[in-house]
K.L.:
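Let me give you the structure first, and then I'll get to my questions.
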Amino acid sequence: MDELAEMGRGLPPGPRRVGPVAFVRSLPDPTDLMLQMRDRYGDTYTMPTPLGPVVVTGDPEGVRALFTADPDTFLPYRPDVSAPMLGETSLALVSGARHRRDRKLLTPPFHGARMRAYGEIMADSARRAAASWEQGRPFKMLETTQEISMEVILEAVFGLRLRTPQGEAVRKAVSRFVGAIRPQFIFFQWMRRDLLGLSAWARFKRAREELDSLLFSMMAERRAQGEEREDILSLMMSARYEDGGQMSDMELRDQLMTLLFAGHEATAIGMAWAFYWLHRQPEELGRLLADLDGLGADAGVEAIAALPSLDAVCQEALRIHPVTPEILRVLARPFRLLDWTLPAGTAVMASAILVHRREDLYPEATLFRPSRFLSRKPAPFEHIPFGGGARRCIGAAFGLHEMKVVLGTILRSHKLRLASSKQVKPQRRGFTMGPKGGVPMICEGAR
């Protein structure tokens, strides 16, 4: 405890000076830096960042403390950073009673039979994407999975018909919006300058305004039609709070943006990593293909998604490369984290990188071994690709279901291989971490 007094901040002992320059250099891939700091300072340490110090824990007991605490202990981390992308009323950026109320309203479409009903949409999108591959010609798997997840978002979430003028307009607007996001102006607000409309920030704002216009027009059209629909947007529009009220168009827009990031970019990245690791380790691919073939040629979407070995593959891909590696909160009041009492206002992070690379939980943690998830089910604070506690990703079940359906559908019908033996590294993609280079692959034909 002497180190606490010496630091004078009530923070856990940590690196005295891993300054902003070191952090900035780690932005493309923070994995090595965070593991190096853990090796030097322990499982819980203080990390300087350009946005202020953050208390990081990769200790499962520390993660447990964060995830099981009273939700009102925490506030969203720097909502000013992500509000331009998600919107100020996004479920990810509100807290307290507002968060509980909105989460209760938004949860039903993402669970149970209603969520599983979208399985055929996911499988059809996978088949269409795979049909576009030219045998022997390289393609980027991440682009394919982005295309698939985009179609799923448009049809299952937005309720748009594919290949219609409206659907195509929204698809292009979403692609421009996501493609316009840059880590630089997410982390460094001084880079949010228009510069006569020529800057990356100005291009992002134009893309956001174009998408907003299309979404608000779509909501107005949906209300004017008055018909019952089963897509998630329509269910959100018809949902009522306990007092009979409903979400405004701006609130709906913000939730759609949140679902867009969780259901499009994050899910696409998770699928691309799974394809990469399976084809980098042919023995693991062979085991999974044997299980998929064992289901029979007539196996439906539900049977594929229920396959334990397929679930294990997805979980292991998300363990090695968590799409959102930092789960950040700010303390609204003093909080006891392991051996330290942290003051209100402290930023705290449960690090998926550190937890997922623990040798005591995952022996030979750098290796891709899906069998880990067949022999043992990790506790909720030992495997955290979707966060945890009261703020666990609302679309976690939906995203995992999509990963399994898409992987199973494509692997049952197509023979693939990596276009290069070169190792694929992760890199920063806005809020997420994805495979650098997009995972180049080659389709060798039908199975």
Side-chain angles (χ1 to χ4, degrees), residues 86-92 94 98-125 128 147-175 177-178 208 210-267 301-302 393-402 405:
L86 303 182
E88 294 181 357
T89 66
S90 162
L91 189 65
V94 297
R98 172 67 181 272
H99 180 266
R100 290 190 289 275
R101 183 188 72 155
D102 288 357
R103 188 177 180 93
K104 183 177 180 180
L105 187 76
L106 295 170
T107 294
F110 295 96
H111 293 273
R114 192 178 292 278
M115 184 271 293
R116 291 191 295 272
Y118 302 122
E120 288 299 336
I121 293 175
M122 299 168 181
D124 288 344
S125 295
R128 278 192 294 270
E147 178 184 343
I148 293 168
S149 64
M150 176 73 78
E151 287 198 355
V152 172
I153 287 287
L154 290 178
E155 191 164 352
V157 178
F158 290 11
L160 292 170
R161 298 297 178 215
L162 302 174
R163 293 164 181 77
T164 63
Q166 186 182 44
E168 187 63 13
V170 174
R171 185 191 67 78
K172 290 180 178 178
V174 168
S175 295
F177 174 73
V178 173
R208 182 180 61 187
E210 177 190 7
L211 180 57
D212 283 354
S213 176
L214 289 170
L215 294 180
F216 290 137
S217 295
M218 184 171 65
M219 292 178 205
E221 179 183 309
R222 198 76 54 88
R223 286 200 174 91
Q225 292 172 344
E227 61 180 288
E228 289 191 10
R229 300 167 60 112
E230 293 299 313
D231 57 88
I232 290 173
L233 171 59
S234 295
L235 295 172
M236 288 165 52
M237 292 175 65
S238 62
R240 295 292 184 271
Y241 294 113
E242 291 179 355
D243 62 4
Q246 62 187 122
M247 285 191 168
S248 68
D249 283 0
M250 182 58 75
E251 290 170 325
L252 287 166
R253 175 264 181 206
D254 291 353
Q255 307 315 329
L256 285 175
M257 290 300 98
T258 306
L259 297 177
L260 175 64
F261 280 100
H264 170 51
E265 184 74 354
T267 305
V301 167
E302 284 303 305
C393 175
I394 194 173
F398 186 95
L400 187 57
H401 190 66
E402 183 177 346
V405 169

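Bear in mind the structure is a predicted one, so any value in this text is a computation, not a measurement.
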K.L.:
Looking at Arg98 and Asp102, is any side-chain nitrogen of the basic one under 4.0 Å from a carboxylate oxygen of the acidic one?
P.N.:
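Yes, charged N to carboxylate O under 4.0 Å.
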
K.L.:
Report the distance from atom CD of Gln255 to atom CE of Met236, rounding to the nearest 0.5 Å.
P.N.:
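One gets 5.5 Å once the value is rounded to the nearest 0.5 Å.
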
K.L.:
For Phe158, check ring-ring contact (aromatic ring centres under 6.0 Å, His included) against everything at least two apart and list the hits.
P.N.:
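Checked Phe158 against ring-ring contact (aromatic ring centres under 6.0 Å, His included); zero matches.
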
K.L.:
For Thr89, does its backbone N or O pair with a side-chain atom of Asp254 as donor and acceptor, under 3.5 Å?
P.N.:
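Side chain of Asp254 to backbone of Thr89: a pair is present.
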
K.L.:
Side chains of Phe398 and Thr267, heavy atoms from C-beta outward: is any pair under 4.5 Å?
P.N.:
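Result no, sub-4.5 Å side-chain heavy-atom pair not found.
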
K.L.:
Residues two or more places apart in sequence or in another chain: which of them pass side-chain contact (heavy atoms from CB on, under 4.5 Å) with Glu88?
P.N.:
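Partners of Glu88 under the side-chain contact (heavy atoms from CB on, under 4.5 Å) test: Ala83.
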
K.L.:
Once salt bridge (Lys or Arg N to Asp or Glu O under 4.0 Å) is applied, do any residues pair with Lys172, and if so which ones, sequence neighbours excluded?
P.N.:
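Salt bridge (Lys or Arg N to Asp or Glu O under 4.0 Å) check on Lys172 returns nothing, list empty.
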
K.L.:
I need the Glu210 CD to Phe177 CZ distance, nearest 0.5 Å.
P.N.:
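Those atoms lie 11.5 Å apart.
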
K.L.:
How long is the gap from CD1 on Ile394 to CG on Leu259, to the nearest 0.5 Å?
P.N.:
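Here the rounded value is 7.0 Å.
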
K.L.:
What residues form a side chain to side chain donor-acceptor pair (under 3.5 Å) with Glu265, not counting sequence neighbours?
P.N.:
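Residues passing side chain to side chain donor-acceptor pair (under 3.5 Å) with Glu265: Gln146, Arg429.
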
K.L.:
Any side-chain heavy atom of Leu160 within less than 4.5 Å of one from Glu155?
P.N.:
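Answer no - side chains too far apart.
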
K.L.:
Could you state the interatomic distance from CZ (Arg101) to CG (Leu106), rounded to the nearest 0.5 Å?
P.N.:
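If we round to the nearest 0.5 Å, Arg101:CZ and Leu106:CG are 10.0 Å apart.
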
K.L.:
Using the side-chain contact (heavy atoms from CB on, under 4.5 Å) criterion, which residues pair with Ser234? Sequence neighbours excluded.
P.N.:
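Counting only residues at least two positions away or on another chain, Ser234 forms a side-chain contact (heavy atoms from CB on, under 4.5 Å) with Arg222, Arg229, Asp231.
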
K.L.:
Take atom CD of Glu242 as the centre, draw a 6.0 Å sphere, and report whether it contains more than 12 heavy atoms from other residues, nucleotides or ligands.
P.N.:
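Check fails, neighbour count at 12 or below.
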
K.L.:
For Met218 and Leu233, what are the C-alpha separation, side-chain angles and deciding distance, and is it a side-chain contact (heavy atoms from CB on, under 4.5 Å)?
P.N.:
CA-CA 10 Å; Met218 184 171 65; Leu233 171 59; 3.6 Å; yes

K.L.:
Mind checking side-chain contact (heavy atoms from CB on, under 4.5 Å) for Ala266 and listing every partner two or more places apart, or none if nothing turns up?
P.N.:
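Counting only residues at least two positions away or on another chain, Ala266 forms a side-chain contact (heavy atoms from CB on, under 4.5 Å) with Val323.
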
K.L.:
Taking all heavy atoms of Thr258 and all of Ser90, pick out the closest pair and write down the distance.
P.N.:
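In this case the closest contact between Thr258 and Ser90 is OG1-OG, 2.5 Å.
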
K.L.:
How many angstroms lie between atom CD1 of Ile121 and atom CD1 of Ile148, to the nearest 0.5 angstrom?
P.N.:
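If I round to the nearest 0.5 Å, the distance is 14.0 Å.
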
K.L.:
Nearest 0.5 Å, what's the CZ-CG distance between Arg100 and Leu91?
P.N.:
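Arg100 CZ to Leu91 CG: 12.0 Å, rounded to 0.5 Å.
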
K.L.:
Is there side-chain contact between Asp249 and Arg253, with heavy atoms separated by less than 4.5 Å?
P.N.:
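Not touching, per the 4.5 Å side-chain cut-off.
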
K.L.:
Within a strict 4.5 Å, meaning less than it, do heavy atoms of the Met122 and Val301 side chains meet?
P.N.:
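Not in contact.
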
